[in-house]
Amino acid sequence: MAEPLILWFRRDLRLGDNPVLAAALATGRPVVPVFVLDPETEALGAAAKQRLQMALAAFAAALQGVGSRLILRRGPALEVLERLVEETGAAGVMWSRAYDATSRVRDQVVKAALKARGLLAESHAGFVLHEPWTVETGQGGPYRVFTPYWRAVRALPVAPELPAPVHLPGPERWPDSAALADWNMTCDMQRGAVVLARWQSSGEGAALDRLAGFAEDRMAAYAARRDFVAEDATSGLSEHLTYGEISPRTLWHRGRRAMEEGNPGAETFLKELVWREFAWHLMYHYPELGQDNWKADWNAFPWRGDNADAEKWRRGLTGEPLVDAAMREMFVTGRMHNRARMIAASYLTKHLLTDWRVGLDWFAECLTDWDPAANAMGWQWVAGSGPDASPYFRIFNPATQAEKFDPEGRYRRRWIAEMTRNPGAEALSYFDAVPKSWGMDPAAPYPMPLIDLAAGRERALEALKQGKS
DNA sequence: TTCGACTTCAC
DNA sequence: TGAAGTCGA
(Lines give C-alpha, C1' and ligand atoms only; values in the text may rest on other atoms or scores of the structure.)
Protein backbone atom coordinates (compact mmCIF):
# COMPACT_ATOMS: atom_id res chain seq x y z
CA MET A 1 0.00 0.00 0.00
CA ALA A 2 1.22 3.51 -0.81
CA GLU A 3 2.27 5.80 2.01
CA PRO A 4 -0.73 7.69 3.34
CA LEU A 5 -1.33 11.42 3.25
CA ILE A 6 -2.28 13.40 6.32
CA LEU A 7 -5.19 15.71 5.62
CA TRP A 8 -5.08 18.49 8.18
CA PHE A 9 -8.63 19.85 8.54
CA ARG A 10 -9.10 23.27 10.11
CA ARG A 11 -11.94 25.48 8.85
CA ASP A 12 -13.07 23.18 6.07
CA LEU A 13 -15.09 20.55 7.93
CA ARG A 14 -16.99 19.18 4.95
CA LEU A 15 -16.80 16.47 2.32
CA GLY A 16 -18.55 18.29 -0.53
CA ASP A 17 -16.78 20.87 -2.66
CA ASN A 18 -13.57 20.56 -0.72
CA PRO A 19 -10.60 21.14 -3.06
CA VAL A 20 -7.93 19.81 -0.72
CA LEU A 21 -9.91 16.63 -0.18
CA ALA A 22 -10.27 16.16 -3.92
CA ALA A 23 -6.55 16.77 -4.37
CA ALA A 24 -5.68 14.21 -1.70
CA LEU A 25 -7.98 11.63 -3.26
CA ALA A 26 -6.50 12.26 -6.68
CA THR A 27 -3.10 11.08 -5.42
CA GLY A 28 -4.58 7.61 -4.89
CA ARG A 29 -3.01 7.47 -1.44
CA PRO A 30 -4.80 6.46 1.75
CA VAL A 31 -5.94 9.54 3.64
CA VAL A 32 -5.61 10.21 7.38
CA PRO A 33 -7.94 13.08 8.32
CA VAL A 34 -6.77 14.93 11.41
CA PHE A 35 -7.89 17.90 13.45
CA VAL A 36 -5.31 19.54 15.71
CA LEU A 37 -6.43 21.43 18.77
CA ASP A 38 -3.47 23.77 18.82
CA PRO A 39 -2.90 26.77 21.13
CA GLU A 40 -4.26 29.11 18.44
CA THR A 41 -7.52 27.19 18.39
CA GLU A 42 -7.69 26.90 22.17
CA ALA A 43 -7.66 30.69 22.30
CA LEU A 44 -11.12 30.82 20.69
CA GLY A 45 -13.99 32.41 22.59
CA ALA A 46 -16.28 30.24 24.68
CA ALA A 47 -19.19 30.12 22.23
CA ALA A 48 -17.02 29.53 19.17
CA LYS A 49 -15.16 26.74 20.93
CA GLN A 50 -18.39 25.06 21.91
CA ARG A 51 -19.69 25.41 18.37
CA LEU A 52 -16.43 24.02 16.98
CA GLN A 53 -16.88 20.94 19.13
CA MET A 54 -20.30 20.41 17.59
CA ALA A 55 -18.83 20.89 14.12
CA LEU A 56 -16.11 18.33 14.86
CA ALA A 57 -18.59 15.78 16.14
CA ALA A 58 -20.70 16.15 13.00
CA PHE A 59 -17.68 15.96 10.72
CA ALA A 60 -16.29 12.86 12.44
CA ALA A 61 -19.64 11.16 11.85
CA ALA A 62 -19.63 12.24 8.21
CA LEU A 63 -16.15 10.78 7.74
CA GLN A 64 -17.27 7.51 9.25
CA GLY A 65 -20.03 7.47 6.68
CA VAL A 66 -17.42 7.31 3.91
CA GLY A 67 -15.33 4.67 5.62
CA SER A 68 -12.87 7.05 7.22
CA ARG A 69 -12.21 8.64 10.64
CA LEU A 70 -11.29 11.96 12.15
CA ILE A 71 -8.11 11.68 14.21
CA LEU A 72 -8.03 14.22 17.03
CA ARG A 73 -4.75 15.44 18.48
CA ARG A 74 -3.85 18.24 20.83
CA GLY A 75 -0.69 20.36 20.87
CA PRO A 76 1.34 22.74 18.71
CA ALA A 77 0.47 22.00 15.09
CA LEU A 78 3.96 21.29 13.79
CA GLU A 79 4.82 19.00 16.69
CA VAL A 80 1.60 17.05 16.32
CA LEU A 81 1.88 16.73 12.56
CA GLU A 82 5.51 15.59 12.65
CA ARG A 83 4.64 12.94 15.21
CA LEU A 84 1.72 11.75 13.09
CA VAL A 85 3.93 11.55 10.02
CA GLU A 86 6.30 9.33 11.97
CA GLU A 87 3.53 7.14 13.34
CA THR A 88 1.83 6.62 10.00
CA GLY A 89 4.81 6.76 7.66
CA ALA A 90 2.92 9.42 5.73
CA ALA A 91 4.30 11.02 2.60
CA GLY A 92 3.26 14.44 3.82
CA VAL A 93 0.48 16.80 4.81
CA MET A 94 -2.16 18.74 2.89
CA TRP A 95 -4.49 21.46 4.14
CA SER A 96 -6.82 24.29 3.09
CA ARG A 97 -5.39 27.76 3.28
CA ALA A 98 -6.25 30.23 6.03
CA TYR A 99 -5.77 33.97 5.62
CA ASP A 100 -5.50 35.54 9.07
CA ALA A 101 -2.07 36.57 10.31
CA THR A 102 -1.81 34.01 13.12
CA SER A 103 -2.70 31.09 10.88
CA ARG A 104 -0.46 32.25 8.07
CA VAL A 105 2.58 32.47 10.32
CA ARG A 106 1.82 29.02 11.79
CA ASP A 107 1.23 27.47 8.37
CA GLN A 108 4.41 28.91 6.87
CA VAL A 109 6.46 27.44 9.69
CA VAL A 110 4.75 24.07 9.27
CA LYS A 111 5.25 24.07 5.52
CA ALA A 112 8.92 24.99 5.72
CA ALA A 113 9.65 22.40 8.40
CA LEU A 114 7.90 19.58 6.55
CA LYS A 115 9.57 20.43 3.28
CA ALA A 116 12.95 20.57 4.98
CA ARG A 117 12.38 16.94 5.94
CA GLY A 118 11.65 16.06 2.35
CA LEU A 119 7.93 15.66 3.00
CA LEU A 120 5.07 16.81 0.87
CA ALA A 121 3.43 19.96 2.28
CA GLU A 122 0.64 21.47 0.21
CA SER A 123 -1.94 24.14 0.87
CA HIS A 124 -5.09 24.48 -1.23
CA ALA A 125 -7.80 27.06 -1.79
CA GLY A 126 -11.35 26.67 -0.53
CA PHE A 127 -12.27 29.08 2.26
CA VAL A 128 -12.99 32.04 -0.04
CA LEU A 129 -14.26 32.37 -3.60
CA HIS A 130 -11.14 34.11 -4.85
CA GLU A 131 -7.65 34.01 -3.41
CA PRO A 132 -7.12 37.48 -1.93
CA TRP A 133 -4.08 38.29 -4.08
CA THR A 134 -5.89 37.50 -7.32
CA VAL A 135 -8.31 40.44 -7.09
CA GLU A 136 -6.60 43.73 -7.88
CA THR A 137 -7.59 47.26 -8.85
CA GLY A 138 -6.69 48.61 -12.27
CA GLN A 139 -3.54 50.13 -10.81
CA GLY A 140 -2.64 46.90 -9.06
CA GLY A 141 -3.07 46.48 -5.32
CA PRO A 142 -5.99 45.59 -3.09
CA TYR A 143 -9.43 47.18 -3.12
CA ARG A 144 -10.29 49.50 -0.24
CA VAL A 145 -13.93 50.21 -1.07
CA PHE A 146 -16.65 47.59 -1.29
CA THR A 147 -18.58 48.62 -4.39
CA PRO A 148 -15.67 48.60 -6.84
CA TYR A 149 -14.61 45.29 -5.29
CA TRP A 150 -18.12 43.93 -5.78
CA ARG A 151 -18.17 45.05 -9.40
CA ALA A 152 -14.83 43.34 -10.00
CA VAL A 153 -15.81 40.10 -8.26
CA ARG A 154 -19.30 39.92 -9.75
CA ALA A 155 -17.79 39.40 -13.19
CA LEU A 156 -15.21 36.78 -12.22
CA PRO A 157 -15.75 33.13 -13.07
CA VAL A 158 -16.11 30.71 -10.16
CA ALA A 159 -15.14 27.08 -10.72
CA PRO A 160 -17.92 24.50 -10.42
CA GLU A 161 -18.43 22.61 -7.17
CA LEU A 162 -16.62 19.35 -6.55
CA PRO A 163 -18.66 16.29 -5.63
CA ALA A 164 -18.39 14.75 -2.18
CA PRO A 165 -16.50 11.44 -2.19
CA VAL A 166 -18.54 8.33 -1.47
CA HIS A 167 -15.52 6.51 -0.11
CA LEU A 168 -12.32 7.79 1.47
CA PRO A 169 -9.53 5.19 1.53
CA GLY A 170 -7.83 4.91 4.92
CA PRO A 171 -4.54 3.50 6.15
CA GLU A 172 -4.13 -0.15 7.12
CA ARG A 173 -3.54 0.89 10.70
CA TRP A 174 -5.20 3.97 12.11
CA PRO A 175 -3.23 6.15 14.52
CA ASP A 176 -4.68 6.82 17.98
CA SER A 177 -7.15 9.62 18.46
CA ALA A 178 -8.07 11.70 21.46
CA ALA A 179 -11.72 11.59 22.54
CA LEU A 180 -13.59 14.78 21.68
CA ALA A 181 -15.30 14.83 25.06
CA ASP A 182 -11.91 14.88 26.81
CA TRP A 183 -11.07 18.20 25.21
CA ASN A 184 -13.67 19.94 27.35
CA MET A 185 -14.41 22.46 24.65
CA THR A 186 -17.65 23.34 26.39
CA CYS A 187 -16.14 24.12 29.76
CA ASP A 188 -15.88 27.88 29.22
CA MET A 189 -19.49 28.01 28.10
CA GLN A 190 -21.50 27.45 31.22
CA ARG A 191 -24.81 28.76 30.10
CA GLY A 192 -26.97 25.72 30.57
CA ALA A 193 -28.93 23.42 28.35
CA VAL A 194 -31.42 26.13 27.51
CA VAL A 195 -28.70 27.78 25.46
CA LEU A 196 -27.59 24.67 23.65
CA ALA A 197 -31.12 23.67 22.77
CA ARG A 198 -31.53 26.87 20.82
CA TRP A 199 -28.44 26.47 18.72
CA GLN A 200 -28.76 25.64 15.14
CA SER A 201 -27.72 22.11 14.38
CA SER A 202 -24.19 21.64 13.12
CA GLY A 203 -22.52 19.91 10.25
CA GLU A 204 -22.52 19.77 6.50
CA GLY A 205 -25.95 18.18 6.23
CA ALA A 206 -27.47 20.87 8.42
CA ALA A 207 -25.72 23.54 6.35
CA LEU A 208 -27.08 22.18 3.10
CA ASP A 209 -30.56 21.89 4.61
CA ARG A 210 -30.32 25.45 5.83
CA LEU A 211 -29.31 26.66 2.37
CA ALA A 212 -32.10 24.72 0.69
CA GLY A 213 -34.66 26.08 3.14
CA PHE A 214 -33.40 29.61 2.70
CA ALA A 215 -33.37 29.43 -1.09
CA GLU A 216 -36.86 27.95 -1.07
CA ASP A 217 -38.61 30.02 1.59
CA ARG A 218 -36.78 33.23 2.32
CA MET A 219 -34.39 34.30 -0.39
CA ALA A 220 -37.08 35.98 -2.46
CA ALA A 221 -37.93 38.30 0.45
CA TYR A 222 -34.32 38.65 1.61
CA ALA A 223 -33.70 42.12 0.22
CA ALA A 224 -36.98 43.44 1.55
CA ARG A 225 -37.16 41.72 4.95
CA ARG A 226 -33.65 41.00 6.16
CA ASP A 227 -33.36 44.20 8.17
CA PHE A 228 -36.35 43.48 10.37
CA VAL A 229 -34.68 42.15 13.47
CA ALA A 230 -37.62 40.17 14.84
CA GLU A 231 -38.01 38.14 11.67
CA ASP A 232 -36.27 34.98 10.54
CA ALA A 233 -35.47 36.59 7.21
CA THR A 234 -31.69 36.18 7.04
CA SER A 235 -29.86 33.16 5.67
CA GLY A 236 -28.42 31.99 9.01
CA LEU A 237 -25.51 30.51 7.07
CA SER A 238 -22.65 32.43 8.66
CA GLU A 239 -21.77 29.87 11.30
CA HIS A 240 -21.70 27.09 8.74
CA LEU A 241 -19.30 29.15 6.64
CA THR A 242 -17.15 29.87 9.68
CA TYR A 243 -16.34 26.20 10.19
CA GLY A 244 -16.34 25.34 6.52
CA GLU A 245 -19.42 23.15 6.83
CA ILE A 246 -20.43 24.60 3.48
CA SER A 247 -18.27 26.24 0.85
CA PRO A 248 -18.69 29.82 -0.32
CA ARG A 249 -18.70 28.39 -3.82
CA THR A 250 -21.82 26.36 -3.10
CA LEU A 251 -23.54 29.54 -1.89
CA TRP A 252 -22.31 31.52 -4.87
CA HIS A 253 -23.61 29.04 -7.44
CA ARG A 254 -26.94 28.72 -5.63
CA GLY A 255 -27.28 32.50 -5.58
CA ARG A 256 -26.37 32.84 -9.24
CA ARG A 257 -28.91 30.23 -10.18
CA ALA A 258 -31.57 32.06 -8.22
CA MET A 259 -30.61 35.29 -9.96
CA GLU A 260 -31.00 33.70 -13.36
CA GLU A 261 -34.40 32.49 -12.26
CA GLY A 262 -35.28 36.08 -11.47
CA ASN A 263 -35.30 35.71 -7.69
CA PRO A 264 -35.54 39.29 -6.38
CA GLY A 265 -33.44 38.59 -3.26
CA ALA A 266 -30.62 36.76 -4.97
CA GLU A 267 -28.37 39.70 -5.77
CA THR A 268 -28.52 41.03 -2.23
CA PHE A 269 -27.63 37.57 -0.96
CA LEU A 270 -24.65 37.38 -3.31
CA LYS A 271 -23.55 40.83 -2.19
CA GLU A 272 -23.57 39.73 1.43
CA LEU A 273 -21.47 36.73 0.52
CA VAL A 274 -19.05 39.07 -1.20
CA TRP A 275 -18.91 41.25 1.94
CA ARG A 276 -17.44 38.25 3.71
CA GLU A 277 -15.06 37.86 0.79
CA PHE A 278 -14.12 41.55 1.00
CA ALA A 279 -13.40 41.19 4.72
CA TRP A 280 -10.91 38.39 4.02
CA HIS A 281 -9.46 40.38 1.14
CA LEU A 282 -8.82 43.24 3.56
CA MET A 283 -7.48 41.00 6.32
CA TYR A 284 -5.05 39.33 3.96
CA HIS A 285 -3.71 42.64 2.71
CA TYR A 286 -3.85 44.35 6.13
CA PRO A 287 -3.04 41.59 8.60
CA GLU A 288 -3.35 43.99 11.55
CA LEU A 289 -7.01 44.70 10.72
CA GLY A 290 -8.15 43.10 13.97
CA GLN A 291 -5.74 45.09 16.14
CA ASP A 292 -4.99 48.48 14.64
CA ASN A 293 -7.10 51.29 13.25
CA TRP A 294 -7.26 50.70 9.53
CA LYS A 295 -7.14 54.45 9.00
CA ALA A 296 -4.11 55.63 10.94
CA ASP A 297 -5.52 59.11 11.54
CA TRP A 298 -7.87 57.47 14.04
CA ASN A 299 -4.97 56.62 16.33
CA ALA A 300 -5.39 59.96 18.08
CA PHE A 301 -9.11 59.45 18.76
CA PRO A 302 -9.82 59.53 22.51
CA TRP A 303 -11.49 56.13 22.79
CA ARG A 304 -12.26 55.05 26.32
CA GLY A 305 -10.77 51.71 27.23
CA ASP A 306 -12.86 49.14 29.05
CA ASN A 307 -15.12 50.84 31.57
CA ALA A 308 -18.24 50.45 33.72
CA ASP A 309 -20.58 51.52 30.90
CA ALA A 310 -19.03 48.94 28.61
CA GLU A 311 -19.69 46.31 31.27
CA LYS A 312 -23.36 47.35 31.30
CA TRP A 313 -23.32 47.08 27.52
CA ARG A 314 -21.96 43.53 27.75
CA ARG A 315 -24.66 42.61 30.26
CA GLY A 316 -27.53 44.10 28.27
CA LEU A 317 -28.19 46.81 30.85
CA THR A 318 -27.69 50.02 28.89
CA GLY A 319 -31.33 51.07 29.16
CA GLU A 320 -31.58 51.17 25.35
CA PRO A 321 -34.03 48.33 24.68
CA LEU A 322 -32.84 47.46 21.20
CA VAL A 323 -29.19 47.40 22.26
CA ASP A 324 -29.96 45.33 25.34
CA ALA A 325 -32.13 42.92 23.38
CA ALA A 326 -29.27 42.41 20.94
CA MET A 327 -26.70 41.80 23.66
CA ARG A 328 -28.96 39.34 25.42
CA GLU A 329 -29.78 37.51 22.21
CA MET A 330 -26.06 37.05 21.62
CA PHE A 331 -25.35 35.87 25.14
CA VAL A 332 -28.10 33.28 25.10
CA THR A 333 -27.96 32.01 21.53
CA GLY A 334 -24.47 32.84 20.30
CA ARG A 335 -26.09 34.74 17.47
CA MET A 336 -27.09 38.32 16.82
CA HIS A 337 -29.01 39.73 13.92
CA ASN A 338 -26.80 41.58 11.45
CA ARG A 339 -28.53 44.92 11.89
CA ALA A 340 -28.56 44.53 15.65
CA ARG A 341 -24.78 44.06 15.50
CA MET A 342 -24.36 47.43 13.83
CA ILE A 343 -26.65 49.17 16.28
CA ALA A 344 -25.03 47.60 19.35
CA ALA A 345 -21.57 48.38 17.97
CA SER A 346 -22.47 51.96 17.13
CA TYR A 347 -23.87 52.48 20.61
CA LEU A 348 -20.68 51.22 22.27
CA THR A 349 -18.27 53.15 20.08
CA LYS A 350 -20.24 56.37 19.62
CA HIS A 351 -22.62 56.88 22.53
CA LEU A 352 -20.28 55.25 25.03
CA LEU A 353 -17.11 56.39 23.22
CA THR A 354 -15.58 53.01 23.93
CA ASP A 355 -12.77 51.53 21.87
CA TRP A 356 -14.06 49.22 19.15
CA ARG A 357 -11.57 46.58 20.31
CA VAL A 358 -13.47 46.26 23.61
CA GLY A 359 -16.58 45.35 21.65
CA LEU A 360 -14.70 43.10 19.26
CA ASP A 361 -13.35 41.08 22.20
CA TRP A 362 -16.82 40.50 23.63
CA PHE A 363 -18.21 39.43 20.26
CA ALA A 364 -15.28 37.01 19.98
CA GLU A 365 -16.27 35.54 23.31
CA CYS A 366 -19.99 35.23 22.55
CA LEU A 367 -20.55 34.59 18.84
CA THR A 368 -20.82 31.07 17.46
CA ASP A 369 -20.13 32.42 13.96
CA TRP A 370 -17.02 34.30 15.11
CA ASP A 371 -15.02 35.23 12.05
CA PRO A 372 -11.94 37.38 12.63
CA ALA A 373 -12.07 39.17 9.30
CA ALA A 374 -15.79 39.92 9.17
CA ASN A 375 -15.74 41.17 12.75
CA ALA A 376 -12.61 43.26 12.38
CA MET A 377 -13.98 44.90 9.27
CA GLY A 378 -17.44 45.32 10.74
CA TRP A 379 -16.30 46.89 14.00
CA GLN A 380 -13.96 49.27 12.23
CA TRP A 381 -16.65 50.15 9.72
CA VAL A 382 -19.02 51.11 12.53
CA ALA A 383 -16.32 52.86 14.57
CA GLY A 384 -15.32 54.94 11.55
CA SER A 385 -11.71 53.81 11.48
CA GLY A 386 -12.34 51.20 8.81
CA PRO A 387 -13.22 51.05 5.15
CA ASP A 388 -16.23 53.24 4.51
CA ALA A 389 -16.58 55.51 1.56
CA SER A 390 -19.02 57.72 3.44
CA PRO A 391 -17.14 60.56 5.08
CA TYR A 392 -19.61 61.58 7.75
CA PHE A 393 -19.44 60.29 11.27
CA ARG A 394 -21.77 57.32 11.33
CA ILE A 395 -23.94 57.33 14.45
CA PHE A 396 -26.94 55.05 14.65
CA ASN A 397 -29.78 56.20 16.87
CA PRO A 398 -31.03 53.02 18.58
CA ALA A 399 -34.49 54.50 19.15
CA THR A 400 -34.88 55.53 15.50
CA GLN A 401 -33.55 52.18 14.37
CA ALA A 402 -36.02 50.42 16.66
CA GLU A 403 -38.92 52.31 15.12
CA LYS A 404 -37.75 51.41 11.65
CA PHE A 405 -36.66 47.82 12.05
CA ASP A 406 -38.57 46.57 15.10
CA PRO A 407 -41.74 48.62 14.65
CA GLU A 408 -43.94 46.40 16.81
CA GLY A 409 -41.29 45.85 19.47
CA ARG A 410 -41.35 42.09 19.00
CA TYR A 411 -37.59 41.73 19.12
CA ARG A 412 -37.26 43.91 22.19
CA ARG A 413 -40.01 42.10 24.04
CA ARG A 414 -38.61 38.74 23.03
CA TRP A 415 -35.35 39.43 24.82
CA ILE A 416 -36.13 41.84 27.63
CA ALA A 417 -38.17 40.35 30.46
CA GLU A 418 -38.38 43.65 32.34
CA MET A 419 -40.38 45.18 29.51
CA THR A 420 -43.33 42.84 29.57
CA ARG A 421 -45.81 41.58 32.10
CA ASN A 422 -45.55 37.96 30.96
CA PRO A 423 -42.03 37.51 29.64
CA GLY A 424 -41.51 34.63 27.25
CA ALA A 425 -39.05 31.76 27.43
CA GLU A 426 -36.35 33.61 25.49
CA ALA A 427 -36.41 36.64 27.76
CA LEU A 428 -36.31 34.48 30.88
CA SER A 429 -33.61 32.19 29.52
CA TYR A 430 -31.20 35.09 29.73
CA PHE A 431 -31.55 35.19 33.49
CA ASP A 432 -30.79 31.48 33.68
CA ALA A 433 -27.79 31.87 31.42
CA VAL A 434 -25.93 34.78 33.04
CA PRO A 435 -23.45 34.22 35.88
CA LYS A 436 -24.98 34.48 39.34
CA SER A 437 -22.45 37.19 40.13
CA TRP A 438 -24.22 39.55 37.72
CA GLY A 439 -27.16 39.61 40.12
CA MET A 440 -29.74 39.69 37.33
CA ASP A 441 -33.41 39.51 38.31
CA PRO A 442 -36.30 39.54 35.83
CA ALA A 443 -38.44 41.28 38.41
CA ALA A 444 -35.99 44.17 38.75
CA PRO A 445 -36.94 47.46 37.09
CA TYR A 446 -35.54 47.99 33.61
CA PRO A 447 -32.50 50.32 33.86
CA MET A 448 -32.58 54.01 32.95
CA PRO A 449 -30.61 54.88 29.79
CA LEU A 450 -26.88 55.25 30.41
CA ILE A 451 -26.86 58.44 28.36
CA ASP A 452 -29.37 60.67 26.62
CA LEU A 453 -29.24 59.78 22.94
CA ALA A 454 -29.01 63.33 21.63
CA ALA A 455 -26.35 64.24 24.20
CA GLY A 456 -24.39 61.10 23.35
CA ARG A 457 -24.49 61.98 19.69
CA GLU A 458 -23.25 65.51 20.36
CA ARG A 459 -20.46 64.18 22.58
CA ALA A 460 -19.34 61.78 19.87
CA LEU A 461 -19.36 64.49 17.20
CA GLU A 462 -17.35 66.74 19.51
CA ALA A 463 -14.83 63.96 20.19
CA LEU A 464 -14.46 63.46 16.46
CA LYS A 465 -13.80 67.15 15.89
CA GLN A 466 -11.08 67.19 18.54
CA GLY A 467 -9.74 63.70 18.33
CA LYS A 468 -8.74 62.92 14.80
CA SER A 469 -5.33 64.04 13.67
C1' DT B 1 -5.97 64.74 -13.79
C1' DT B 2 -10.50 64.56 -13.56
C1' DC B 3 -14.69 63.24 -11.85
C1' DG B 4 -18.46 60.29 -10.40
C1' DA B 5 -19.53 57.67 -6.66
C1' DC B 6 -19.54 55.85 -2.08
C1' DT B 7 -24.22 49.32 2.48
C1' DT B 8 -27.16 49.70 6.08
C1' DC B 9 -28.03 57.69 8.70
C1' DA B 10 -29.97 61.47 11.49
C1' DC B 11 -32.57 65.44 12.04
C1' DT C 1 -30.41 68.13 3.33
C1' DG C 2 -25.99 67.89 5.66
C1' DA C 3 -20.69 67.83 5.24
C1' DA C 4 -16.96 66.50 2.79
C1' DG C 5 -12.61 62.65 1.89
C1' DT C 6 -10.64 59.53 -1.17
C1' DC C 7 -11.17 55.59 -4.06
C1' DG C 8 -10.82 53.92 -8.56
C1' DA C 9 -11.26 53.99 -13.65
Side-chain angles (χ1 to χ4, degrees), chain A residues 135-156 221-231 233-235 238 265-279 281-282 285-286 293-298 300-301 320 322-323 326 336-351 356 373-407 411 451-469:
Chain A
V135 183
E136 288 190 326
T137 65
Q139 293 102 320
Y143 280 94
R144 300 164 58 84
V145 172
F146 175 75
T147 302
Y149 178 81
W150 159 249
R151 282 198 262 264
V153 162
R154 186 173 49 179
L156 292 177
Y222 184 67
R225 306 305 300 171
R226 62 184 221 89
D227 276 323
F228 292 92
V229 289
E231 290 185 29
T234 63
S235 79
S238 61
E267 184 170 15
T268 306
F269 174 67
L270 288 172
K271 259 191 179 169
E272 292 304 315
L273 184 63
V274 170
W275 267 100
R276 169 183 180 273
E277 194 79 5
F278 184 51
H281 179 80
L282 288 174
H285 291 289
Y286 307 94
N293 290 313
W294 189 69
K295 292 178 182 164
D297 60 343
W298 278 79
F301 192 81
E320 284 309 325
L322 186 52
V323 173
M336 192 195 291
H337 190 283
N338 167 259
R339 175 157 290 273
R341 294 185 196 202
M342 292 188 290
I343 297 161
S346 170
Y347 186 80
L348 181 73
T349 54
K350 305 297 167 58
H351 285 91
W356 58 268
N375 279 278
M377 181 190 70
W379 273 97
Q380 294 222 49
W381 182 87
V382 171
S385 60
D388 187 346
S390 285
Y392 50 76
F393 202 49
R394 192 184 297 279
I395 304 170
F396 285 75
N397 180 324
T400 309
Q401 289 283 312
E403 275 170 43
K404 279 190 189 167
F405 300 112
D406 186 30
Y411 182 72
I451 184 167
D452 174 76
L453 291 178
R457 177 186 166 81
E458 287 312 307
R459 188 174 71 170
L461 287 169
E462 194 56 33
L464 177 79
K465 227 179 285 172
Q466 316 255 316
K468 262 176 58 183
S469 54

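Keep in mind that this is a model prediction, so the values were computed, not measured. The sequence lines fix the lettering, A, B, ..., with proteins before strands; numbering per chain opens at 1.
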Practice item. With P as the reference atom in both, quote the distance from B:dC3 to C:dA4 in angstrom, rounded to an integer. Key: 22 Å

Taking 4.0 Å as the cut-off, does a side-chain nitrogen or oxygen of [X] come that near to OP1 or OP2 on [N]?
X: A:R457; N: B:dA10; answer: no
X: A:K350; N: B:dC9; answer: no
X: A:N397; N: B:dC11; answer: yes
X: A:Q401; N: B:dT8; answer: no

Send over the distance from [X] [atom1] to [N] [atom2], rounded to a whole Å.
X: A:L453; N: B:dA10; atom1: CG; atom2: P; answer: 11 Å
X: A:R394; N: B:dC11; atom1: CZ; atom2: P; answer: 14 Å
X: A:M377; N: B:dT8; atom1: CE; atom2: P; answer: 13 Å
X: A:D388; N: C:dA4; atom1: CG; atom2: P; answer: 15 Å
X: A:K271; N: B:dT8; atom1: NZ; atom2: P; answer: 10 Å
X: A:Y222; N: B:dT8; atom1: OH; atom2: C1'; answer: 12 Å
X: A:L461; N: B:dC11; atom1: CG; atom2: C1'; answer: 12 Å
X: A:K465; N: C:dA4; atom1: NZ; atom2: C1'; answer: 14 Å

Pull out every protein N or O sitting under 3.5 Å from an N or O of nucleotides 7-9 of chain C, one pair per line with the distance.
residue : atom : partner : partner atom : Å
C:dG8   : OP1  : A:R144  : N            : 2.6
C:dG8   : OP1  : A:V145  : N            : 2.9
C:dA9   : OP1  : A:Y143  : OH           : 2.9
C:dA9   : OP2  : A:G138  : N            : 2.8

Review point. Between A:R459 and A:H351, is there a donor-acceptor pair closer than 3.5 Å when you use the side chain of the first and the backbone of the second?
Key: yes

Review point. Is there a donor-acceptor contact under 3.5 Å from the side chain of A:N293 to the main chain of A:K295?
Key: no

Practice item. Kindly express the pairing pattern of DNA chain B in dot-bracket notation, using | wherever a base pairs with another strand and counting only Watson-Crick or G-U pairs under 3.5 Å. Key: .|||||..||.

Who pairs with [X] by side-chain hydrogen bond (donor to acceptor under 3.5 Å, both in side chains), at least two apart in sequence or on another chain?
X: A:Q139; value: none
X: A:T234; value: none
X: A:N338; value: none

Check your understanding: Which part of the nucleic acid does A:K404 contact within heavy-atom distance under 4.0 Å: base, sugar-phosphate only, or nothing?
Key -> sugar-phosphate

**Study point:** Inter- and intrachain pairs under side-chain hydrogen bond (donor to acceptor under 3.5 Å, both in side chains), touching residues 266-279 of chain A, at least two apart
**Key:** A:R226-A:E272

**Study point:** With sequence neighbours excluded, residues passing ring-ring contact (aromatic ring centres under 6.0 Å, His included) with A:H281
**Key:** A:Y149, A:H285

Study note, to complete from the structure: Across all chains, not counting sequence neighbours, the ring-ring contact (aromatic ring centres under 6.0 Å, His included) partners of A:F228 are none

Revision key, fill the gap. Sorted by chain and residue number, the salt bridge (Lys or Arg N to Asp or Glu O under 4.0 Å) partners of A:E231 (sequence neighbours excluded) come out as A:R225

